[in-house]
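Worksheet for the structure shown next.
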Amino acid sequence: MAADIPESSISGAPARAAEMPKTWRPQEVEEGMYQEWEAAGLFHADPTDPRPHFSVAMPPPNVTGELHLGHAEYTLQDLYVRYKRMTGHEALWLPGTDHAAIATQNVIEKQLASEGTSKEELGRAAFDQRVARWYEEYGGYIVRQLKRLGFSADWSRLRFTMDEPYVRAVREAFVRLYNDGLIYRGPRIVNWCPRDRSSISDLEVDWQEHEDTLYYIRYDMADGEGALVIATVRPETMLADTGVAVNPNDPRYREFIGRTARLPLVGRTLPVVGDESVTMDFGTGALKVTPGHDPMDYEIGQRHSLEVLSAIDKDGNMVNEEWVPDELRTRDALTARDRVVEMLRDREHLVRTEAYVHEVGHCDRCGEIIQPLVDDQWWCAMSDLARPAIEVVERGEVTFIPDKWNRTYLDWMRGLRDWNVSRQLWLGHRLPIYYCFADQPAPHDLASAREAATHVFASVEEPSACPECAGRNIAQDPDVLDTWFSSGIWPFATLGWPDQTAELDAFYPTDVLDTAREIINLWVARMIMTSLRFTGKVPFHHVLIHAVIQDPQGQRMSKSKGNGVDPLQMVERYGADAVRAWACDVGLPRQDVRFDERLIEEYSKFANKLWNVARLVLMNADGVDVQAHPARGSDPFDQWILSRLDGLVAGVTAAIDGYRPSEAVRAIYEFTWKELADWYLEAAKPRFRLDAADPARQQAVSVALHCVSVVVRLLHPFMPFVTQAIWDLLPGGGGALIARSTTASWPPPGEPTDPPLETSMAALFELVRRLRDARKELGVGEREHVPATLRQAGTADPFLLSVHAAEALALLARVDIVEELPGEPGRVVVTDGLEVVMGAPAAGRSSDPGVLATEMAAVKANIERLEQRLGNADFVSKANPEVVRRTRDQLDAAQEKRAALEEAISRAE
RNA sequence: GGGCGGAUAGCUCAGCUGGUCAGAGCGCCUGGUUUACACCCAGGAGGUCGCGGGUUCGAUCCCUGCUCCGCCCACCA
């Protein structure tokens, strides 16, 4: 199933190694490599390929400008796509971009404003051209940036949510929902953005804390008997009041229910109603009801059949002639507030005021304060759509990773309200709703003349006549769809839906979706709902929620704060491999990450380290017979590194499969640097120097090459560039690691690991460290070899007494084990049941009994601790027997060490 | 108002199912012209694991309260 290096005799490897630059310079090669891959068609997915399929739909970036670090997290998608290709799957990563109606219109309008003009001045046609130009320019720009990160998406299938086929899919989806009765038009209170002159959905409201004033206003009763004092932060909306509400359980006000209050300044009469939604202990417990300008009041109004009045218009002006007195009319609601308050004060209706901090809704695109008002809008009924979408998550057909998001999703879905899908923008998908005016010409201002239509119908195709009366006086609804409506059908619309294409058949449902938590409700939920509705299938099985990258101070990165980091700048500085490895490391499972450039730098160093490991091995590889899978052989270092390598393959594979990419990339890093480079290769160097035909050398080089070959493949999904470059130089390597082939390039599982050997080697390494320390204390020169005797002083690991160990000590610690010291004894090292006595250096310091005394103190403290624990009857009887046994072993070892140290100290004195 | 996550070395973070788990990288200090790499090698210093309780023979790890930070949801005007 998987490929290894084929058996062959190496020739030319050292020559190639000689040409390898000493330093890996990603900036010089990555772009060229990428172009080669792309030209070779490596990223293209073939729906007719018989191998198992795997697919990911790329969350389409907004075509509003440049990349941010969230896009670097897309590396997680590339990781899985490349990994699946390497394990024998035909994998599709389908890329695309989103028109982002409201966001893009905002950006372009700002541009126009800076040019001293506006979209109204330009006119609709010229504006559309401007938009098209924008998409042309920035759509390509975004794609180029994504490519620079090495993303292996199938660019031949690039989709844009405004492309003609996609537009048709959007219309199809809308028409189906409309014909099923799930989309309807009606007056409801909406979040109105006066600047964008459009409604926005609840999810697009950005709540910000404001310091306002709470005004207490006296509403006298119409019959002159008593009064109710209400509290409000928006006194100006009182002009549209149509009632006063109190809680029916509130004894203070019970007797007011059913009576009539008189609206100050205006004099209109208002019924007093009882409604349990009124909080008794907020303000005075009495509430003015303004159904036209407050969502909660709207619902109270609905329950009590109160009139809905509008005092504020869609520009945020308070100019309504019917409800606003002349002297209060103003172009600005805040000015209106001042005037209302002034008048209330003059007429002694203002009881008092107090400072009040609360949250005020803002448009999350332009920042304008949201004006709740009642308007005719298009709605999508959610309950029928939500139910199955809840069930698939409850049943685990769709799971979120980390799994805590399952609950977030379910909580939100269970409380869904109908979705306002229409927007009053110029940019976006026009609703495929048409009005027929029978024999009357279609009115010019359709927005206000919809009601005059004789017939209303939805149509996927542009209709030329009314299907009911064949009339030709028809006009399309001027509203556009919420951007999320169109992106909500992304996973299947990009594959050709509603047509039953080969792609849809082959790659749908997709496997993994990777996205940001802030759009779980906005986007993920809607994809699940539409997919179940239109395809009867879930759109994806696993939803990865990657981390939000904060700035180094823990603040959210945002354009307005100017604290964003440009991923491409990081690519320029450290290479795409480093940025990618970083993204995989921090992206999952963590959910909040402070940006730390040092971590990217660490991975750029790692790329260089790996490059040099390959250089070293290759420059020693001439004339070696490479074995496909070298046997562990007889050399303990070979056995050890191969055991560790087999463990690594298993661990990395499991970590990737278990969506723990961070664990995977760190394991590869540790193995390569700490074990392969620092221990194995250092120990193998003498064998590298042997004659080319020497079997010991052949074996060492084979093992080293095998390690490099495996590491490079394990790392490829994370760091494709440096790994491919090395792979191309390896004997038996070469050829794209993600190419389709009959054999998969992912390393197959190896043999079981050898834990006893790994333990022995760990003990050896510890001994080497101790001896290095001792050399330092003695002031021995770096290169100077020191003689030492070694004897068992307890239950030593037999391996440490072997010839192999002695050779390793000579090589790695420059300590030569002898029968008898030629001169005076120097430092004594006691560890792991061994006593090593080093000879005193010719011109160095002699042994320092103080060092041994310090060590002795530590050992004694340790013994005391262990004895105390074992002396505790509860511990011995209740603790896990295994733990007790281990503690006894520790105590035995410590006592052995104390004895050995005592002896050593007495001899030194 | 409800919910979630975080608080471990100067900095950024690992620490799985409680008992060698107190770690890594960077920074700092010492020493290094080795068949790769100074983007390197060998070492060192540095932490009451946010605070208070509790469970347990034993807690960084479990429970609870508190403080601080971040985030999500919410129609208390």
Side-chain angles (χ1 to χ4, degrees), chain A residues 17 20 22-25 189 202-203 207 214-215 230-234 237 245 277-290 294-300 356 358-359 372 402 404-405 407-408 411-412 415 417 517-518 520-521 548 550 552 554-556 574 585-586 590-599 601-620 660 662-663 666 669-670 674 677-678 681-682 685-686 688-689 768-769 772-773 775-776 781-783 812-814 862 869 872-880 882-884 886-887 890:
Chain A
M20 292 171 77
K22 279 175 73 170
T23 306
W24 170 249
R25 297 201 186 289
I189 191 141
D202 292 344
L203 293 170
W207 294 91
L214 192 58
Y215 300 89
I230 60 88
T232 179
V233 283
R234 301 184 64 204
T237 64
S277 69
V278 178
T279 311
M280 289 185 271
D281 54 11
F282 182 87
T284 61
L287 171 71
K288 74 187 202 54
V289 184
T290 320
D294 183 277
M296 175 176 158
D297 291 7
Y298 181 79
E299 291 187 4
I300 294 175
Y356 182 57
H358 66 142
E359 303 250 286
K404 63 175 178 175
W405 297 110
R407 228 189 76 193
T408 305
D411 284 351
W412 185 73
R417 301 200 293 174
R517 62 179 180 233
E518 64 198 41
I520 291 176
N521 299 335
V548 171
Q550 306 169 331
Q555 299 289 306
R556 190 183 185 80
Y574 301 107
D585 187 352
V586 304
R590 288 167 59 193
Q591 296 289 284
D592 289 289
V593 173
R594 289 191 187 201
F595 180 72
D596 187 351
E597 190 170 333
R598 293 173 302 181
L599 201 48
E601 187 181 8
E602 190 183 337
Y603 281 112
S604 74
K605 289 181 180 176
F606 178 53
N608 185 57
K609 185 71 184 182
L610 180 62
W611 179 252
N612 274 287
V613 163
R615 276 184 74 211
L616 173 65
V617 177
L618 284 170
M619 67 178 52
N620 286 289
R660 301 186 308 275
S662 175
E663 201 177 306
R666 286 181 192 212
Y669 179 101
E670 292 296 319
K674 299 296 151 198
D678 288 351
L681 291 176
E682 288 306 321
K685 278 176 182 175
F688 288 168
R689 290 187 207 107
V768 168
R769 283 190 210 98
R772 283 172 178 163
D773 283 350
R775 291 172 57 95
K776 210 163 188 175
E782 279 289 324
R783 312 297 311 253
L812 300 171
R814 297 186 203 290
N862 193 28
R869 192 184 292 185
N872 182 336
D874 282 333
F875 173 71
V876 178
S877 62
K878 292 181 186 172
N880 184 328
E882 171 63 17
V883 173
V884 176
R886 211 162 49 209
T887 309
Q890 286 170 17

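To find a chain, count down the sequence lines: A is the first, B the second, and so on, and within it residues start at 1.
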Under 4.0 angstrom, heavy atoms only, what part of the nucleic acid is [X] near: base, sugar-phosphate, or nothing?
X	value
Val883(A)	base
Arg517(A)	sugar-phosphate
Glu518(A)	nothing
Lys404(A)	sugar-phosphate
Asn880(A)	base
Asn608(A)	base
Arg25(A)	base
Ala677(A)	base
Thr232(A)	sugar-phosphate

Check the distance between [N]'s [atom2] and [X]'s [atom1] and give it to me in whole angstrom.
X	N	atom1	atom2	value
Leu599(A)	C11(B)	CG	P	17 Å
Asn612(A)	A38(B)	CG	C1'	11 Å
Gln591(A)	G3(B)	CD	P	20 Å
Leu287(A)	A77(B)	CG	P	10 Å
Arg590(A)	A14(B)	CZ	C1'	9 Å
Leu203(A)	C72(B)	CG	C1'	11 Å
Arg814(A)	C41(B)	CZ	P	16 Å
Trp412(A)	C71(B)	CH2	C1'	17 Å

query: Does the side chain of Met619(A) reach to within under 4.5 Å of the side chain of Val617(A), using non-hydrogen atoms?
result: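 No. Closest side-chain heavy atoms not under 4.5 Å.
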- request: Taking the side chain as every heavy atom from C-beta outward, state whether Arg772(A) and Leu812(A) have any pair of such atoms under 4.5 Å apart.
  value: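 Result yes, sub-4.5 Å side-chain heavy-atom pair found.
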Write down the partner of [N] under the Watson-Crick or G-U wobble criteria, each distance required to be under 3.5 Å.
N	value
C16(B)	none
C71(B)	G3(B)
U34(B)	none
G43(B)	C29(B)
G65(B)	C51(B)

Among [options], which is the nearest nucleotide to the side chain of [X]?
X	options	value
Thr279(A)	C76(B), U12(B), C39(B)	C76(B)
Phe282(A)	A77(B), G25(B), C37(B)	A77(B)
Asp874(A)	C37(B), C57(B), A74(B)	C57(B)
Arg598(A)	C13(B), G25(B), A36(B)	G25(B)
Phe875(A)	A36(B), C57(B), A77(B)	C57(B)
Asp773(A)	C37(B), G43(B), C57(B)	G43(B)
Arg407(A)	C75(B), C13(B), C4(B)	C4(B)
Val278(A)	G19(B), U34(B), A77(B)	A77(B)
Arg772(A)	C73(B), A42(B), A36(B)	A42(B)
Glu299(A)	C75(B), C39(B), C37(B)	C75(B)

Taking the [atom1] atom of each, how far is [N] from [M], in whole Å?
N	M	atom1	result
C4(B)	A77(B)	P	24 Å
C73(B)	U60(B)	P	37 Å
U8(B)	C71(B)	C1'	22 Å
C51(B)	C69(B)	C1'	15 Å
U34(B)	C41(B)	P	13 Å
G10(B)	G1(B)	P	35 Å
G23(B)	G47(B)	C1'	11 Å
U64(B)	G70(B)	P	24 Å

Is the shortest side-chain N/O distance from [X] to OP1 or OP2 of [N] below 4.0 Å?
X	N	result
Arg775(A)	G43(B)	no
Lys878(A)	C57(B)	yes
Lys609(A)	C41(B)	yes

- request: Any chance you could measure Thr279(A), atom OG1, to Leu287(A), atom CG, to the nearest 0.5 Å?
  value: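 The CG atom of Leu287(A) is 8.5 Å from OG1 of Thr279(A), to the nearest 0.5 Å.
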- request: Find the distance between NZ (Lys605(A)) and OH (Tyr669(A)) and round it off to the nearest 0.5 Å.
  value: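 Between atom NZ of Lys605(A) and atom OH of Tyr669(A) there are 8.0 Å.
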side-chain hydrogen bond (donor to acceptor under 3.5 Å, both in side chains) against Arg886(A), all qualifying residues, sequence neighbours excluded: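 With sequence neighbours excluded, Arg886(A) shows a side-chain hydrogen bond (donor to acceptor under 3.5 Å, both in side chains) to no residue whatsoever.
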- request: Return the minimal non-hydrogen interatomic distance between Met20(A) and Arg615(A), and the atom names on each side.
  value: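 What the structure gives for the nearest pair is CE-CG, 3.4 Å.
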task: Determine, stepwise, if the pair Val289(A) / Met296(A) fulfils side chain to side chain contact (heavy atoms under 4.5 Å, CB included).
output: CA-CA 9 Å; Val289(A) 184; Met296(A) 175 176 158; over 6 Å; no
message: The test is side chain to side chain contact (heavy atoms under 4.5 Å, CB included); show your working for Leu610(A) and Asn608(A) and say whether it passes.
response: CA-CA 5 Å; Leu610(A) 180 62; Asn608(A) 185 57; over 6 Å; no
query: Between the base of A36(B) and the side chain of Lys685(A), is there a donor-acceptor distance below 3.5 Å?
result: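 Such a pair exists between side chain and base.
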- prompt: Do the side chain of Glu682(A) and the base of A36(B) come within less than 3.5 angstrom through a donor-acceptor pair of N or O atoms?
  reply: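 Under the 3.5 Å cut-off, the side chain and the base do form a donor-acceptor pair.
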task: Taking the six-membered ring for Trp and the single ring otherwise, decide whether the centroids of Phe606(A) and Tyr574(A) are under 6.0 Å apart.
output: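 Distance test on ring centres: not under 6.0 Å, no.
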- request: Could you pick out which residue, Tyr356(A) or Val768(A), lies toward the 5' side of RNA chain B when each is mapped onto its nearest nucleotide?
  value: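 Checking each residue's closest nucleotide, the 5'-ward one belongs to Val768(A).
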query: Starting at the 5' end of RNA chain B, which residue's closest nucleotide do you reach first, Pro686(A) or Phe595(A)?
result: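 Final value for this comparison: Phe595(A).
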message: Run the salt bridge (charged side-chain N to carboxylate O under 4.0 Å, His left out) test on Glu663(A) and Arg666(A) for me, step by step, so that the C-alpha distance in whole Å, both residues' side-chain angles and the decisive distance to 0.1 Å come before the verdict.
response: CA-CA 5 Å; Glu663(A) 201 177 306; Arg666(A) 286 181 192 212; over 6 Å; no
